[in-house]
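We count ligands from 1, going down the list as the structure has it; atoms in each ligand are counted the same way.
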Amino acid sequence: MMAKSRVAVIGSGDVGKSLADGFLKYGHEVMRASRDPSKLDDWKSASGKRAATGTFEEAARWGELVVLAVKGTAAESAVDLCGPQNLAGKIVIDATNPIAAEPPDHCVLKFFTSYADSLMERLQHRAPSAHFVKAFSCVGNALMVNPDFGGNKPSMFICGNDDAAKKQVTAILDEFGWETEDMGSMEAARAIEPLCILWCIPGFARNDWSHAFKLLKR
Ligand SMILES: NC(=O)c1ccc[n+]([C@@H]2O[C@H](COP(=O)([O-])OP(=O)(O)OC[C@H]3O[C@@H](n4cnc5c(N)ncnc54)[C@H](OP(=O)(O)O)[C@@H]3O)[C@@H](O)[C@H]2O)c1
């Protein structure tokens, strides 16, 4: 179990909501952020005393742990809006995916990154003193917190350069009902981020969004 902390969730979309609600469920304080915080007023009034809202910068400064859940094409500028100095020394859980603006091709999403690059590496370079950990990127938001697969725990693939940060994120994933598979340093995001392309294919092809990955081992 993770110590109770102040969690900044940068994101007014579905992922921001699912993860913010998950952190509230486990007793943390949450500030959810938008460039226009007023659009989160309803969420705030429905979410109790431990829920607050703010700008990206306010939330990043306030949070002890930061969750980045913004549109992939805007993620680098979102880090700039947070202020790299406000992220220094903090864990940043990166749930983003580098989905390009073009539509999917035969149900296969297009990315704006290449196989020799990843969005998380770009973000880590943008805020070099932050401890980025890729997590939650390979599953739909409805399944991010305590997904029910009939007693089977799905696998969450994580990576990042800071071992202590990955240990803390593993504790969060334990609470949220996941088995954690640590794939190593930030370069592994080149392999983790494309899992989102695979995850979305059954959704686009036959409106099936209710699956998660499991790494079988023996
Ligand atoms: N949806 C899913 O189930 C799912 C699952 C796994 C991973 N992901 C990834 O998680 C991230 C969030 O997804 P989402 O579906 O919750 O919402 P989204 O629509 O992809 O992102 C919404 C957020 O992006 C911010 N944003 C958009 N344009 C921006 C810009 N030009 N500059 C700064 N910020 C900007 C918005 O800020 P404002 O509040 O200021 O408008 C908002 O907070 C994405 O990278 C997505 O690929 C999504």
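Salt bridge absent: E175 and K25 never bring a charged side-chain N and a carboxylate O closer than 4.0 Å. At a threshold of 4.0 Å, the pair K166-D162 does not count as salt-bridged, since none of the basic side-chain nitrogens sits closer than that to a carboxylate oxygen.
Ligand 1 is surrounded by G11, S12, G13, D14, V15, S34, R35, K39, F56, A69, V70, K71, G72, A74, S77, A95, T96, N97, I99, F136, S137, V139, G140, N141, M144, each with at least one heavy atom closer than 4.0 Å.
Residues I10 and V70 share a closest heavy-atom pair of O-CG1, 3.6 Å. In plain terms, the two heavy atoms of W178 and M144 that are nearest each other are NE1-O, 2.9 Å.
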*asked:* Using salt bridge (charged side-chain N to carboxylate O under 4.0 Å, His left out), reason through R126 and D80 one step at a time and then give a plain yes or no.
replied: CA-CA 8 Å; R126 206 101 178 177; D80 292 346; 2.7 Å; yes
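Between H211 and W199, the two ring planes are tilted [angle within 30° to 60°].
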